[in-house]
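See below for the structure under consideration.
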Amino acid sequence: MLSKLAIRNVKRSSRDYIIYLITITIAFSLMFAMNLVSWSDAVVDLYDNMNDTFKNVVIFINVIVVFVICFLINYTTKFMFEKRSKEFGTYMLLGIKKKKISRLFLLENILFGFIALILSIPIGFVFSQFISLFIVKIMELPQAIFIEFNFMSVVLLLLYFFLIYLFVLFLAHRRIKKINIYNLLYLEKQNEEKVIKKNKNRNLLFVISMLIGIGSYIFLHSTLTNDVMMDTSFLTYMMVGILLFIISIYGVMFSLSDFILSIVLKSKKIKYSKDNLFVARTFSSKARTMGMTFGTLGVLIMFTLLFLNFSSLNKASYDYINETTSPFDVSAFFETEEPLSKVYDVVDENYTIVDSVRYNVYLNTNSNIEKLLPAYSYTSEPYDKIIRLSDYNHLLKIKGKNQVTLNNDEYILVYDRSDSFLAEDSSIKTITLSNGITLNQKNATTELSFSGLTNAGYAVVVPDDAINGLGIYQYFMAIDTKEDTSAELEKKLVEALRSDLCEVDEEGHEFCSTYRINIRGTTLEESNVMSAIVTAICVYMSFIFSAIVGTILAIQTLSDSTKYNYRYTVLKRLGVKDEKLYKTIRKQLYVLFGVPAIYPIIISFVIVYLLNRVYKAILPSPTFYLSCFGVSILIFIMIYVIYFIATYFGFKRNIDKS
């Protein structure tokens, strides 16, 4: 009997909770799709080091998503229970034991979950094919990847489902167990109390929360500079700053709604204008008791925007890294010239060589520039790295860039954008080489500033005659090929240069290092794989978070539309036309959807701005972060508007039935 009743109730209430059902179905579908992709041999085989890394990252991310879905389902079950409290109270009056009522309610929620679970498997399989197309596009692969169905992904999905509902249903059972008949019968009519009852305490909390947010900005602004990009303390600074921002969001959300309402309700001009009083009173019935919910939604919105922005910034930073670490199809350096000949021969056997240049890097033992760099960038011999003007011009020619000229007493400083302070340092405007020649800096440039140019991250370009008497640091070579290189070339070079790249330890194990050779195809493959993984995960989490925010607001609103439909019935009887009533509903939704979003959007912009101060050296332009943030806002608003529209029509439907 309980089973039949549960099935009937699920059918009856499915229309009221269709938004919730769609959201958890999509959430489970995306979890399943990410599992399929991470366990796919076709995807794993794209990159040798991708196997465990991708799987572990997806599992970790899914654990976070599980907690967020738990929050959504637990929130929804509380609303379901409140909406049907009178029904359950009537059951108890008729003599049905609380234990059976609990089983009935839990069974209904499990049925909702199973519907979502069953639907998520075929939908998730389709989603996985779209994710594979996304990966193929980012990695610029010649053909699509078909994601096969695998058993392990199903097992993981069932595990996540079991953990979520075990936790949520345990809380629901405790909730039912503690309540009595009286509370069940009058639960819907109970007055909701303000979380912060005194206006003085509310104002104090608002001020303190804003000060915490401002303090977090000052802290991050003073610590997040270009110098900390490679520092281990960077992550610590970010975690502390974001934690303070989260505390600020919760504090503001606990007090802001009530604070704004107090201002509106004190102003007669605003309060009695049009339908403002009705909207304010309706919103106040929830806003003053929803501080924790608004705070959580605000945090989810903040992370949604941060994930979307990070995916864009990450892709741009990888593009910069590709160009600065691998501007040539093949580059190599050794202590002797012989290995360079082997490199050339292997490349010539497999590709069409368009141009190549061999050049020497010389040492200036006076160390004018090297000593200015941070300690982590020091080489074993902290001497300035010198290259001849003719060699530098040949490298520029390979890249299709304009040639440069120098007088006999001039030099050019080629520096990395992350070391921009070198261009402003007055102490190196004039340098003296260890052979006694004094040179004045003509200019400082980032043209061709890749780390492999001298194996130091910077280069001092001098007239050809100025290198007389300087010792050779290492021998370098750059090759331009007609065809695009691939990671397979690196394996062939390692095999040909085994004696130069590999060492055997005491136990007889061979270790090969490839840091002396650089293949552009390998770099692109690695960065494209990582970019695809990061972007897919960021978009995945952003959609889940924004969808959950929209679902909770929709459930809250639609529940209120049913619970307080007598208010709208009164308005209709007073002669308010339907169009005017619908306009009032839209205004209510604007307020409800807008309040949790405004402050988190401001904070997310502040964080993105601060991150730009750290990474601006490796981004396409100083204002690139603005376009990233604009795109992120548009994506978020698109998802938000979908839930807004669905909520609006659901609200209208509930009012029209009254």
Side-chain angles (χ1 to χ4, degrees), residues 20-73 109-139 141 143-169 303-304 307 311 525 528-548 551:
Y20 161 72
L21 184 60
I22 290 174
T23 299
I24 61 172
T25 300
I26 293 176
F28 284 133
S29 299
L30 288 173
M31 292 174 71
F32 182 58
M34 292 300 292
N35 288 334
L36 285 172
V37 173
S38 64
W39 285 87
S40 171
D41 292 335
V43 174
V44 170
D45 291 342
L46 293 175
Y47 182 50
D48 292 339
N49 297 327
M50 193 174 178
N51 192 356
D52 293 334
T53 303
F54 193 22
K55 290 178 183 177
N56 293 337
V57 169
V58 169
I59 290 174
F60 174 75
I61 294 301
N62 279 338
V63 170
I64 298 175
V65 172
V66 163
F67 280 104
V68 178
I69 294 176
C70 277
F71 171 73
L72 168 65
I73 296 178
N109 280 276
I110 291 175
L111 286 174
F112 267 113
F114 267 116
I115 293 172
L117 179 67
I118 293 170
L119 292 174
S120 68
I121 293 177
I123 295 174
F125 181 74
V126 174
F127 282 173
S128 69
Q129 308 307 319
F130 283 104
I131 294 174
S132 72
L133 291 175
F134 175 78
I135 293 174
V136 166
K137 183 170 180 59
I138 290 184
M139 295 183 64
L141 298 176
Q143 58 185 11
I145 300 172
F146 179 75
I147 306 298
E148 296 182 352
F149 195 90
N150 62 77
F151 179 72
M152 191 62 197
S153 298
V154 178
V155 172
L156 287 173
L157 180 64
L158 293 175
L159 177 63
Y160 298 144
F161 176 84
F162 174 77
L163 292 175
I164 289 171
Y165 275 89
L166 181 67
F167 176 73
V168 171
L169 297 182
F303 278 114
T304 294
F307 283 132
S311 63
E525 181 179 304
N528 287 341
V529 167
M530 293 306 299
S531 181
I533 292 174
V534 171
T535 304
I537 289 175
C538 285
V539 173
Y540 162 53
M541 294 191 70
S542 298
F543 180 83
I544 294 291
F545 286 5
S546 57
I548 286 175
T551 302

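If you read the sequence from its start, that first residue is 1, and numbering goes on from there. If you're wondering where the values come from, they're calculated on a predicted model, not measured in any experiment.
- The nearest pair of heavy atoms linking N62 to M31 is OD1-CG, 3.9 Å.
- Atoms CG and CG, on L157 and L36 in that order, are 9.0 Å from each other to the nearest 0.5 Å.
- Taking a 6.0 Å sphere around CZ of F71, one finds it holds more than 12 heavy atoms contributed by other residues, nucleotides or ligands.
- Put simply, the side chain of I61 does not reach to within 4.5 Å of the side chain of M34, judged on heavy atoms.
- Classification of the F114-F161 ring pair by plane angle, with boundaries at 30° and 60°, yields tilted.
- With contacts defined as side-chain heavy-atom distances shorter than 4.5 Å, the pair V68/F303 does not qualify.
- Here the side chains of I115 and T25 are not in contact, with every heavy-atom distance at 4.5 Å or above.
- Proximity of Y540 to V65: side-chain heavy atoms (C-beta onward) are separated by under 4.5 Å at one or more points.
- Here the CZ-CD1 distance, from F67 to I164, works out to 10.0 Å after rounding to the nearest 0.5 Å.
- Of the possible donor and acceptor atoms, one in the side chain of S153 sits under 3.5 Å from a partner among the backbone N and O of N35.
- At a threshold of 4.5 Å between non-hydrogen side-chain atoms, the residues F32 and L156 do not count as touching.
- The aromatic ring centres of F307 and F543 sit 6.0 Å or more apart.
- Contact of the Y20 side chain with the I73 side chain is registered, since non-hydrogen atoms from C-beta on lie closer than 4.5 Å.
- Between V168 and C70, the closest heavy-atom pair is CG2-O, 3.8 Å.
- Classification of the F125-F149 ring pair by plane angle, with boundaries at 30° and 60°, yields tilted.
- Here the CG atom belonging to L117 is positioned 12.0 Å from the CG atom belonging to L111, to the nearest 0.5 angstrom.
- The shortest heavy-atom contact between G124 and A33 is O-CB, 3.3 Å.
- Rounding to the nearest 0.5 angstrom, the gap separating the CG atom in L159 from the CD1 atom in I59 is 9.5 Å.
- Annotation: the span from L30 atom CG to S128 atom OG amounts to 10.5 Å, rounded to 0.5 Å.
- Between the CD1 atom in I24 and the OG1 atom in T551 there is a gap of 9.5 Å [rounded to 0.5 Å].
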